[in-house]
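A short worksheet on the structure shown next.
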Amino acid sequence: MDEPGIASLPGASSLFTRFIGDPDFRTARFPRNASLMTAAAGLEEIAERASQREGLQRAIADTMAGLTLTAGQRENLDRLGGPGSLAVVTGQQAGIFGGPLYTLLKAFSAIEQARRLREAHPGCEFVPVFWIEDNDHDREEISRVSVLDRQMQAFTRSLEWDVPARSMVAVLRFDPSIADLLQELQKQMTPSDFGAEAADILQGLYRAGSSPTAAFAGLLHSLCAEDGLLLLSAARSREGGLFASVIRRELAEPSATAAVMQPALEQFQREGLHIQAQASELNLFLIDEGRRHKLGRIDDAKFSAGDRTFSHAELLAQADKTPEIFTPNVLLRPLAQDSFLPTAAYVAGPGEIAYAAQLKEAYARFDLPMPAYLLRHSATFIDGKLKSLMEAAGLPPAAFWQNFEDVERRFLAENSADNWPDLLNGARDSVRSAFEALSADIHALDPTLEASLGRAAKTAAGQLDMIEGKIRKAQKRAAESQLGRLRKIHACLYPANQLQERSVSSYYFLHKYGLQSLRTALRSISRGSTTIHQIGVPD
């Protein structure tokens, strides 16, 4: 089966496609990528600079408190305390029920990349680490969950929170409605031999009183513990003061980060590349009673966060005394992360690659080595029946990455033995030409008749459109069984007009395939290429 290139995925930004297709651009913007697998010297530098290893170990231990670590995880945690170890990091927000499928793809990609790096550099130790971003306050992002229902249509629900606006994910706790949401989703999905197993796993994690971070960590742990993946909460890192050096430096020189990034952004704009995000004068948020407020400048002497104002000196004093009340924005987060993690490589999705392409000069400003940025794996899961349908249809997966109406239109056009579309378009051209010629004569005779002529032209065009619609309906009736098969394929490959990996919940796949088969399928995908979108058929 044809597996399309990653750059052809719908919604790929110009910065991402440049990263994929232009080696010179990768070398210029991601200087460690080219030597990652061949040169140990740069890796040794990263390992030597990691000076907060005890704090890192505590933050991981706190994140994984309550989970039973495997021998491999305990060994990896010990390794991170040693002076020569390195991390292969990936991350995502703490999405309910595991978030979309790409969350799991990221985790297994990081595990596999750590394995490959161990093979390439036998003298170095590489530990896969998953960063759980729970300093965020975007509750909508983590609370939306989508599964495919019994008709293979996207069924989407969101959990509601009775908490103040801008409350951070780290302080949220589930109420009893989380059980109702899980039950509703379970009822929508086609029953499976693994439904009870999946429900048992999630019911034990997603229950009233538990936190999104702990539940998310528990679900990842159930899938990835055997492979030694360690889990690290952004909030635990912040609370442990691990961001302090980056926070202090960002506050010391407002606008400096934006200034060093600006030349590269201007170059991107000249080259017509999409800018993923603009740096702010202060790329920080301030936390006040569990709520996160963006720090902004009022004037040369004053700054604001929410309804509070601060002098520059007050902000610096707060950073020295309580650095844990500050958290980085999306652009500063990688630098805060890499200020204490010995990150050899970060495994990223297309959006993160586009962000990271802007950051080379920011890393230099903070005197931090920029890690290599590697693509996560990308995949769509199908079962044997759907694979057979796709083979019978003879269409590549990319043909379904559009609205179904466009899929249908193309199918009807390519499978029609009639030449009526050409004849109908010829009739449109003839009618248009006739009215245009008539318009010139009528204007000379009586200009007031032009409005009537325009209405007549529109009526004629409308009649031809109506005839086309009737012909297409007749075609559709004749081809309905074939179109029904195409609908099933489209619903799975592009549910709600999004890639499956970006929209369908990890829970759906756990329910459909079971823990062991899903784990096996993800391992298999992670051993494949990151430059193609794989079509996986779990056993």
Side-chain angles (χ1 to χ4, degrees), residues 1-2 4-5 7-14 17 21 151-154 156 271-274 380 386 389-500 502-503 533:
M1 183 179 296
D2 176 55
S8 67
L9 296 182
S13 72
S14 53
T17 54
Q151 286 72 47
M152 293 299 291
Q153 298 299 312
T156 304
E271 295 175 3
L273 299 176
H274 168 74
T380 290
L386 197 70
L389 287 178
M390 292 176 66
E391 290 172 346
L395 293 173
F400 295 90
W401 292 341
Q402 53 188 320
N403 292 333
F404 183 73
E405 290 76 11
D406 296 324
V407 176
E408 180 183 83
R409 188 177 295 111
R410 179 178 175 181
F411 171 81
L412 293 175
E414 291 180 353
N415 290 274
S416 172
D418 303 319
N419 63 346
W420 66 263
D422 292 336
L423 293 173
L424 197 59
N425 286 331
R428 286 192 177 98
D429 292 340
S430 298
V431 169
R432 190 182 306 110
S433 297
F435 274 101
E436 287 173 354
L438 191 57
S439 176
D441 291 342
I442 284 181
H443 180 78
L445 178 64
D446 184 352
T448 64
L449 295 176
E450 285 191 19
S452 297
L453 186 66
R455 289 192 292 271
K458 287 183 179 180
T459 298
Q463 289 295 314
L464 290 172
D465 288 344
M466 181 186 69
I467 291 170
E468 179 181 13
K470 289 184 176 182
I471 293 173
R472 291 197 182 281
K473 286 181 180 178
Q475 271 193 316
K476 285 172 64 176
R477 287 193 296 271
E480 193 55 45
S481 62
Q482 291 171 292
L483 288 174
R485 290 192 286 270
L486 294 182
R487 283 192 195 92
K488 290 181 180 179
I489 299 171
H490 182 270
C492 184
L493 266 60
Y494 207 52
N497 293 326
Q498 294 186 76
L499 282 174
Q500 184 197 88
R502 297 178 188 170
S503 58
H533 182 82

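Throughout, residue positions are numbered sequentially from 1 according to the sequence presented.
- The shortest side-chain heavy-atom distance between P4 and P396 does not fall under the 4.5 Å cut-off.
- Proximity of P10 to L499: side-chain heavy atoms (C-beta onward) are separated by under 4.5 Å at one or more points.
- Residues Q500 and Y494 have side chains not in contact (no heavy-atom distance under 4.5 Å, counting atoms from C-beta outward).
- From N403, atom CG reaches atom CZ of R409 across 9.0 Å, with rounding to the nearest 0.5 Å.
- With T17 contributing its side chain and A7 its backbone, the two residues share no donor-acceptor pair below 3.5 Å.
- In terms of heavy-atom proximity, S14 sits nearest to G272 at OG-O, 3.9 Å.
- Using a 4.5 Å cut-off on side-chain heavy atoms (C-beta onward), L386 and L493 make contact.
- Salt bridge status for R485 with E480: absent, with no side-chain N to carboxylate O gap under 4.0 Å.
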Trace of the side-chain contact (heavy atoms from CB on, under 4.5 Å) decision for I489 with L395: CA-CA 10 Å; I489 299 171; L395 293 173; over 6 Å; no
Worked verdict on L9 versus R502 for side-chain contact (heavy atoms from CB on, under 4.5 Å): CA-CA 11 Å; L9 296 182; R502 297 178 188 170; 4.1 Å; yes
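- One distance of note links CZ of F404 with CG of L486; it measures 5.5 Å at 0.5 Å rounding.
- Checked against the 6.0 Å centroid threshold, H490 and W401 do not count as a close aromatic pair.
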side-chain contact (heavy atoms from CB on, under 4.5 Å) assessment of R487 paired with E408: CA-CA 9 Å; R487 283 192 195 92; E408 180 183 83; 4.0 Å; yes
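- The backbone N or O of G426 sits less than 3.5 Å from a side-chain atom of S430, completing a donor-acceptor pair.
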